[in-house]
Amino acid sequence: MQLIYFYIGLAGALGAISRYLVGIFFYSNSSFPFATLLVNLVGCYALAYLSSRKFSFSSQLKTVIGTGFIGAFTTFSALSVETIRLFEQGKVLLAFMYIIVSILGGIFMSNLGWKKEVVE
């Protein structure tokens with residue numbers, strides 16, 4: 001077995017734990033799922049930043065961070081379930097706002113993280 005799979009799994013575990021901790025620290029009684037939105041927007045920025053730049057570390061480490069940590073940290077499934085809950089609670093406007101902010105915010109954050117030009 002190649003060690004890359006172990007490292008991706010380890011990074012995934014750390015990403016999942018980090019995601020859980022963000023949920024605890026940013027818990028709110030609000031109907032709006034702020035913690036999930038936060039991790040998804042931060043994850044969009046981080047993955048775009050990681051993907052668009054050259055680093056002094058190996059491409060395998062880049063994969064471990066991107067696929068393992070960031071992949072486990074962000075959560076499309078939670079976004080989907082929380083949106084359904086909002087619809088079921090009759091909070092249709094809030095559900096659509098969540099979808100729009102998540103998608104457009106994700107694209108915006110990815111754009112911020114993406115390297116525009118090389119300045120050396």
Does a side-chain heavy-atom distance below 4.5 Å link T63 with Y7? no

Between the OH atom in Y98 and the NZ atom in K91, the distance rounded to the nearest 0.5 Å is 13.5 Å

Do I99 and L93 belong together in a cluster built from hydrophobic side chains that touch within less than 4.5 Å? no

Which heavy atom of G23 sits nearest to which heavy atom of A35, and what is that distance? CA-CB, 3.9 Å

To the nearest 0.5 Å, what is the distance between CD1 on I84 and CG on L79? 10.0 Å

Which pair of heavy atoms, one from R53 and one from K62, lies closest together, and at what distance? O-NZ, 2.9 Å

List the residues meeting side-chain hydrogen bond (donor to acceptor under 3.5 Å, both in side chains) with Y45, not counting sequence neighbours, and say none if there are none. none

Listed by chain and number, what are the side-chain hydrogen bond (donor to acceptor under 3.5 Å, both in side chains) partners of S77, not counting sequence neighbours? T75

Below 4.5 Å, heavy atoms only, C-beta onward: do L94 and S31 meet side chain to side chain? yes

Going only through I, L, V, M, F, W and Y residues with side-chain contacts under 4.5 Å, is there a path from F76 to F108? yes

What are the two closest non-hydrogen atoms of W114 and S51, and how far apart are they? CZ3-CB, 3.9 Å

Run the side-chain hydrogen bond (donor to acceptor under 3.5 Å, both in side chains) test against S18 and tell me which residues pass, sequence neighbours left out. none

Grouping I, L, V, M, F, W and Y whenever their side-chain heavy atoms are under 4.5 Å apart, do F32 and F25 come out in a common cluster? yes

CD-CG distance between Q60 and L3, expressed to the nearest 0.5 angstrom: 9.0 Å

Between R19 and T74, does any side-chain donor sit less than 3.5 Å from a side-chain acceptor? no

Does F55 have any ring-ring contact (aromatic ring centres under 6.0 Å, His included) partners at least two apart in sequence or in another chain, and if so, which? F57

Starting at CD1 of I65, measure out to CZ of F73 and round the result to the nearest 0.5 Å. 14.0 Å

State, to 0.1 Å, how close S52 and G113 come at their nearest heavy-atom pair, and which atoms those are. OG-O, 3.5 Å

Those residues at least two apart in sequence (or on a different chain) that pass ring-ring contact (aromatic ring centres under 6.0 Å, His included) with F96 are F87

Could you check whether any side-chain heavy atom of F26 comes within less than 4.5 Å of a side-chain heavy atom of V39, counting everything from C-beta outward? no

Partner set under ring-ring contact (aromatic ring centres under 6.0 Å, His included) for Y20, not counting sequence neighbours: none

Can you tell me how far the CG atom of L47 sits from the CZ atom of F69, to the nearest 0.5 Å? 12.0 Å

Would you compute the distance between atom OG1 of T67 and atom CG of L50 and round it to the nearest 0.5 angstrom? 9.0 Å

For S102 against L37, the heavy-atom pair lying closest together: OG-CD1, 3.5 Å

Applying a strict under-4.5 Å side-chain criterion to I, L, V, M, F, W and Y, I'd like to know whether M109 and F34 cluster together. yes

Where do T83 and A95 come nearest, in terms of heavy atoms and distance? O-CB, 4.0 Å

Count I, L, V, M, F, W, Y as connected when their side-chain heavy atoms are under 4.5 Å apart, and connections chain through other members. Are M97 and V92 then in the same cluster? no

Is there side-chain contact between L86 and P33, with at least one heavy-atom pair below 4.5 Å? yes

